[in-house]
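A note on names: the letters A, B, ... follow the listed sequences, proteins ahead of strands, and every chain is numbered from 1.
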Amino acid sequence: MYRLLGEDRVAVLSTEPAHASPGSWLIRLVRAPMGKKAKPTSAMAYGPYPAHEVKARWDELVGALEAQGFNRSAVVLSVAELQHKSKKRRAQVALRLGRARATVALDPLLAALQGATDEACSLLDALGLIGDPRAADAIRPWAERKLLSRRRSAVEALRNLGDQVGLAAAMKRGVAELLEAGMTPAAARLVTEGPPSTEHDPELVARADDLRNAVLALPAKQRGRCADVLYELATPRAIAAARSVITQLHFDAPFSWRYVKSVLKRATLRRDHATLGWLIHLVEVRATQTRGTTSELKSGKDGETRATPIFRAPTQRWVRRAVWRHLRELARHRPDEYPRAAAEILIHYEPADARLPKKRYGEWAHCHLLVSILWSEGQRLERVDRTLRWRFRSVHATSAPIGPREEAFPGLWDARPLAYLRLLSAARLPDVHAFAARAVSERHFDLLHEASTDELVGMIGAPFDRTVELGASELATRWDPQEPYWPLLERLLRAEAERVRDVGLTWLRAAAPQWARDPARALSYLALPAPDARALAAELLVQAIPSLDPEARLALARGILAVLREPEPTEGAHTAPAQVAREALSAELDVLLDVAGMMVLVERGSVSAKTVGGLLLGRRKNALAELGLPRVLALADHEVASVRAAAHALLLGALDALALEPGPLFVLAESQWDDTRRAAFGIIKDRLDLGAYGEEQRLDALLALCDSNRADVQAFGREMVLRWFQAVDPRAVMARLAEHPARGVMRRFALDLIEDHLPPGAAALGSVARFFSVVLLDVRPERRLKRQTVDFLVRRGELDLEQAQVAAGVLDAWARTSVRADRERALEALVALRLCWPELAMTVQVRA
Amino acid sequence: MKLALRYEGQSAIVSEPTRAQVAFATNTLREASYFNGELGRPLAFREGLAALHAVVVSDLKYRPKDRLAFNAWLEAQDRRFLQSLGVKSQKALERIRALEARKDELDRARRDTLRPFHEARGRYFEYAWTHQYELSYLLDPVITVHPDELSFEAFSRDESSYARLAVRYDLFSRVDSFECGTTNIDYSARLHDQLERVRSYRQTNFAVGPSGFTVQVGDAPAHKEKKIDLPDSWVMGFLQVHSVLTMGLTHVRLTPVDLFNILRQLRRRKARVSPRALRWELVPGQRVRVVLEPWEQVIELSARWDGDEHVTVRTWGRDRLQTLARLVPSARTVDVYLAGYGMPTVWLVDLGQLTFTLALSGWTDNDWTSDAGKYELLGRKRAVSEADLGRTFEALRERRFATASTLAAATGLHADTVRSACSYLCQVGRAMFDLAGGVFRHRELFLEPFTPKGIVTAAEKAVEKANPAAARARALFDHKDVMIIARRPIGGAGAFKLSGSAGDAGGGRVRPMIELDAAGNVVTATCTCRHFASKKLAQGPCEHMLALRLAHLARLEAESKKEG
């Protein structure tokens with residue numbers, strides 16, 4: 001206990017067992033002046049007292065000391081020190097009083113605030129921490145100051161006091177500052193207008209994104225300032241936007257770092273642990289990416305321009321130390337808040353933050369806060385103050401001990417175990433999970449019963465097996481497939497983590513008989529965001545639909561139809577409903593839709609909707625009559641296979657019309673789609689009587705197929721030519737085939753036909769002479785073709801002189817080929833012709 | 001240079017049993033030239049365009065093989081082998097082998113299962129690639145409607161081959177209407193496929209115009225826009241080609257079977273080692289011989305060399321000739337123009353009413369504008385005033401095509417001046433030289449209106465900037481560091497053979513010798529400098545040759561002044 005006046009200003013009371021009489025206790029009182037090295041002026045022992053009497057005697061002694069002017073705490077000393085000549089000392093004392101929430105110091109603090117200069121911030125912070133609303137009037141003028149530090153401390157103090165008048169004025173000033181920085185009024189209004197949002201509200205995210213974009217559209221030098229102002233305004237949207245903007249800032253730029261630091265300071269004053277945890281982790285990450293810069297900056301305090309280090313290593317270390325100091329102060333003065341604040345810091349660490357271990361420095365040596373919170377009380381690690389890194393005391397003892405706990409303030413963690421749940425549900429680092437899972441497994445067995453659904457879902461997605469086990473076992477206790485808790489299932493199915501969704505999919509399968517009966521629920525599952533979840537829902541629904549009553553099926557069909565008629569929100573969103581429609585509800589949809597409705601799906605629907613439309617169209621008997629042949633022909637070339645299949649089916653009903661005008665069929669035979677070509681081939685081959693047409697028309701039709709560039713169409717054309725060869729003019733067929741530019745099969749086919757069917761006479765031979773030149777002068781020839789050509793020319797040339805002349809004309813040029821075998825073959829052929837017809841004109845001279 | 005093309009319709013060919021309609025859509029951002037007619041010989045036209053297509057898509061530049069997958073497989077094998085070294089137990093080894101065999105089996109099964117997927121993905125990639133390639137990279141051919149012919153010009157993808165298909169109007173059985181001008185046509189692989197369906201037994205209408213076929217397919221827009229990052233080298237290539245065409249070239253006439261023999265032998269054998277040149281041996285009075293290196297296989301051609309001197313010319317990049325393969329059966333004659341050792345060659349295939357010109361750079365990796373192609377330096381340009389340039393341009397535009405002498409008569413300028421002016425016009429893309437007809441043709445490669453101001457200076461500066469040899473030659477001449485040792489007229493009036501002495505960069509002196517034709521173009525040249533010893537003329541003439549020519553031209557001017 002302390003007092004301000006008198007020789008002895010400190011009195012220390014203590015108890016100890018009385019060794020002379022076991023079970024009794026002594027109370028000792030030592031008096032001394034102030035100072036660490038001061039010697040005691042008196043020491044008294046009272047007792048011995050029995051245990052039950054000690055408390056009463058103790059209180060008596062305390063009362064006696066209080067009567068002499070002693071006080072239980074050092075507040076009285078501190079209050080006195082507010083008058084200290086040093087501003088720095090006054091500031092320290094004020095902060096100490098504030099953290100201790102010493103209401104008795106309110107008036108002295110207010111008195112000290114009048115005329116305060118450098119220590120004003122600390123005084124304002126202290127008033128805010130004490131939280132007495134009587135201070136508001138004195139603080140408000142400080143919130144209007146130009147200097148950022150003064151204004152920041154004042155506004156945050158007003159917030160801690162709950163002073164709505166002062167905060168409203170600060171809000172106005174903040175919005176004005178945003179406008180002054182260049183933000184549009186519409187964007188600035190986003191901060192304040194609209195209904196209040198919760199953290200997970202989609203509207204909050206959207207508006208925060210708009211705000212973020214508005215800030216990022218400003219010049220780079222204004223962005224940090226705007227982020228700080230947004231955080232000062234403290235609406236959920238503004239805070240989300242400020243955090244989003246800060247992630248885009250370069251911390252080594254003076255116009256950014258100043259404001260990042262300001263937000264950090266505000267977060268500590270406001271005890272916004274979530275922002276503090278997020279920001280300090282971001283600082284640690286950025287510290288690994290940049291070594292900082294030095295800039296010439298003008299001080300806001302004295303106006304001097306100095307070379308100022310920006311986000312250099314000492315600054316980075318200072319920030320880490322400051323945050324750890326803040327945590328320790330919390331542990332001391334607000335012990336119930338420490339675990340929550342520590343948890344908010346721990347959840348942001350992730351495996352990517354690790355560095356390669358080197359000698360005694362482990363992979364987390366550089367993560368000061370992580371190590372301080374988790375392992376600083378153990379014997380394994382020691383801190384290197386110069387670098388603020390943690391190293392193992394011995395390379396032989398690096399693994400965690402099994403028994404003793406290593407975290408700082410273990411008692412506080414156990415007093416507020418809900419912080420463990422936060423870690424289990426949100427942490428990304430297995431070491432953090434190990435810490436929390438151990439606590440739950442060893443000491444807080446019932447903690448998981450208090451976990452919310454979101455927390456359990458987070459646990460299942462955790463990167464630590466034990467956490468997943470804990471979460472899954474707790475979830476299993478809450479799930480009954482006979483009476484499913486639908487919000488939980490919905491939450492699991494919508495989870496982004498695959499492992500979580502897998503649990504949901506298992507339950508979805510188990511509860512299929514229940515949810516399939518409810519069309520609204522079934523439709524909502526068909527529209528789940530994850531494709532695998534949608535697919536399973538569709539599969540289960542298809543299996544369940546046969547057992548549903550007709551009304552439920554009709555309702556389901558109506559719902560699916562409504563979905564398919566809408567534009568597809570994301571690619572593939574209609575796949576599952578379309579699958580159900582195709583595989584289980586086609587009869588119901590057939591009742592609900594007329595041909596026009598089906599065509600709407602085919603023409604304007606998504607790809608999946610088109611497949612449904614096509615399927616239904618193919619089953620509708622009167623579709624051909626309603627649509628007309630031209631539209632059906634167009635559908636046969638549609639990009640969706642089921643639509644084409646429908647068109648193919650419908651075309652079979654239009655054979656009479658196609659027989660009258662077969663041209664479109666031959667166009668379809670050239671379609672880019674294999675199935676349409678095959679369908680056209682089938683109709684032409686089996687359903688169309690080409691004999692019913694004129695010879696010229698027949699020839700055109702057959703050659704149109706052969707003229708194709710597609711191998712399958714050419715093959716079909718060849719088949720049809722052979723089939724109808726007797727019914728067309730062979731000379732015309734051969735003359736036309738001879739013009740085909742394709743090598744290979746088509747050329748062999750033409751040559752075989754020519755060889756077997758070319759009519760006699762030079763005129764017929766001359767009509768295909770170019771073809772022979774093309775065959776012989778091909779730089780990639782086929783030996784068989786060449787031989788066949790030469791033999792044929794010789795055979796025909798031997799028949800009469802005119803044909804020999806045509807043959808010689810072709811062979812004459814070829815005889816000068818540089819390929820010896822070809823040349824010899826050509827010369828042999830020419831000699832054979834000359835021997836038959838000595839008068840034959842040719843450039844090659846044959847000597848006897 | 002960003003080239004924007006916009007087509008209201010699309011080029012397409014619609015074939016019906018008895019009729020066909022060929023419609024080429026033209027760039028609507030260019031002047032509105034058009035042509036309508038009916039093809040008389042569709043097959044020749046088809047073959048000509050097929051050869052043009054072969055040039056457009058050809059890319060024979062060397063590209064190293066992608067061995068990533070192979071190297072990964074090799075590394076996996078190495079790892080497997082090294083891991084097996086560590087296993088001593090025979091039982092374990094057998095177990096590993098059995099597991100590996102099982103794994104291979106499963107891999108095969110997986111591949112079989114996924115085959116349809118991979119095939120479908122491959123088809124999709126091909127579709128996407130073709131589509132994107134055509135929109136972003138395929139350089140549409142340039143079409144020019146002349147009063148007497150249509151011409152299609154294109155460069156290959158590797159920019160080493162230039163092709164021009166000239167279709168005379170007598171190929172058409174009927175010409176309905178036309179408007180002269182130059183533009184681009186919408187071109188695609190699909191169009192080439194459709195062209196293959198052209199037949200002589202179908203009456204084939206041919207139209208070139210802005211509309212093309214305006215058939216809207218699905219939701220796709222009826223018009224098509226391309227934005228191609230046109231390489232400057234492509235544009236410069238167009239200009240360089242005509243510099244070569246106007247040079248004095250060695251001419252050899254071949255029959256189609258000669259071309260066939262060359263192509264057939266090149267197709268039959270693949271040269272694994274260097275040299276891979278086509279060596280032309282021209283011995284006076286004897287048949288021209290083409291030697292295929294490295295096998296030294298001789299192909300004796302039908303033509304005899306009627307020149308006075310024995311000439312040997314080696315050219316590279318002979319595989320590019322395969323683009324002419326389809327023309328062989330339709331060809332009547334083939335004219336080959338050789339510029340010299342490692343220099344471009346020009347192949348002119350006469351198809352009757354069509355002429356196909358294929359100009360090949362010295363070798364495949366040498367595009368027309370890389371610093372190796374300094375062909376304009378070999379041509380001689382007289383000083384041309386802006387007024388003369390303007391008059392020549394106007395006269396050419398009025399006539400659309402004309403010989404230099406016709407233009408000289410029309411403008412009243414000296415033929416050499418007109419030739420130089422035309423050369424400048426070619427160099428800035430306002431005219432072209434038709435080697436088959438021996439005429440200059442008006443062809444506006446660019447949309448901007450023509451102004452003669454600054455063209456000569458800009459062209460000369462561009463030449464000197466692109467060719468430091470020209471600047472160094474000018475410096476040699478200005479410092480009087482070049483002198484003519486001997487000069488004698490040869491052949492016709494105005495042709496000279498010169499030898500001289502010029503200062504070299506090393507401090508010594510070298511002996512350039514050049515032979516100039518009547519127009520002042522360099523026909524042959526040699527020099528004792530290091531540049532010529534290693535590169536011959538393949539990278540253009542050296543500064544000593546150019547300085548000697550400058551000295552000769554100066555003396556000619558002095559002589560003409562003296563005479564009167």
Side-chain angles (χ1 to χ4, degrees), chain A residues 603-604 634 637-639 662-663 666-667 670 672 674 693 696-710 713 732-733 735-743 746 767 769-781 810-819 822-823 826 843, chain B residues 13-20 42-44 46-47 49-50 123 127 189-190 192-202 217-220 254-269 290 292 297-302 321-332:
Chain A
E603 288 173 346
R604 295 182 213 157
D637 219 16
H638 198 273
E639 61 182 355
F666 289 88
V667 174
E670 269 289 302
Q672 59 176 321
D674 296 351
Y693 303 105
E696 192 62 28
Q697 207 178 352
R698 194 158 48 235
L699 182 68
D700 289 339
L702 294 175
L703 267 297
L705 294 170
C706 291
D707 282 350
S708 170
N709 294 321
R710 297 182 187 279
V713 186
V733 171
R736 293 185 181 194
L737 283 177
E739 290 187 9
H740 205 293
R743 287 194 176 88
M746 210 62 216
S767 68
R770 185 183 177 280
F771 173 73
F772 296 128
S773 294
V774 170
V775 171
L776 295 176
L777 293 177
D778 189 352
V779 294
R780 284 189 292 165
V810 174
L811 294 169
D812 206 30
W814 194 52
R816 289 204 300 277
T817 175
S818 59
V819 181
D822 288 350
R823 190 169 58 240
T843 54
Chain B
I13 294 150
V14 175
S15 293
E16 291 172 14
T18 55
R19 287 181 308 165
L43 284 193
R46 180 186 80 187
E47 298 302 304
L49 279 180
R123 281 199 298 275
Y127 162 77
R190 179 182 42 78
H192 167 69
D193 289 345
Q194 291 173 345
L195 269 170
E196 293 288 74
R197 301 193 65 176
V198 169
R199 299 286 188 275
S200 66
Y201 51 85
R202 292 194 190 104
V217 181
D219 297 333
L254 278 58
T255 59
V257 77
D258 292 331
L259 176 60
F260 169 73
N261 285 335
I262 294 171
L263 299 180
R264 180 85 187 93
Q265 294 302 337
L266 289 175
R267 173 71 68 179
R268 286 183 80 191
R269 301 175 77 171
V290 173
L292 304 182
Q297 182 179 357
V298 178
I299 299 173
E300 203 165 74
L301 307 182
S302 320
L321 287 174
Q322 294 296 348
T323 52
L324 297 176
R326 273 187 71 163
L327 298 180
V328 173
S330 311
R332 296 183 180 177

At a heavy-atom distance under 4.5 Å, which candidate from B:R46, B:Q265, B:R268 has the highest pair count against chain A?
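Answer, by heavy-atom pair count under 4.5 Å with chain A: B:R46.
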
Looking at B:R264, B:R267, B:R199, which makes the most heavy-atom pairs under 4.5 Å with chain A?
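Looking at each of B:R264, B:R267, B:R199 in turn, B:R199 comes out on top.
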
Contact class of [X] relative to chain A, heavy atoms under 4.5 angstrom:
X	result
B:Q297	neither
B:E300	neither
B:L43	side chain

Closest heavy-atom contact between [X] and [Y]?
X	Y	result
B:S302	A:R816	OG-NE, 4.1 Å
A:T817	B:V257	N-CG2, 4.3 Å
A:S818	B:N261	N-OD1, 2.7 Å
A:L777	B:P329	CD1-CA, 4.2 Å

Between A:E739 and B:R202, is the closest basic N to carboxylate O distance under 4.0 Å?
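A:E739 and B:R202: not salt-bridged.
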
Among the options [options], pick out the one with the most heavy-atom pairs lying under 4.5 Å from chain B.
options	result
A:D707, A:D700, A:N709	A:D707
A:E696, A:H638, A:R770	A:R770
A:V819, A:V774, A:D778	A:V819

Checking A:D637 now: which residues fulfil salt bridge (Lys or Arg N to Asp or Glu O under 4.0 Å) with it, not counting sequence neighbours?
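Result, salt bridge (Lys or Arg N to Asp or Glu O under 4.0 Å) vs A:D637: none returned.
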
By a 4.5 Å heavy-atom criterion (distance strictly below it), what part of A:L699 contacts chain B: side chain, backbone, both, or neither?
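Interface part for A:L699: neither.
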
Quick check: do B:F260 and A:V779 have side-chain heavy atoms less than 4.5 Å from each other?
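A side-chain contact under 4.5 Å exists here.
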
Non-hydrogen side-chain atoms of A:H740 and B:E196 separated by less than 4.5 Å:
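No, their side chains stay 4.5 Å or more apart.
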
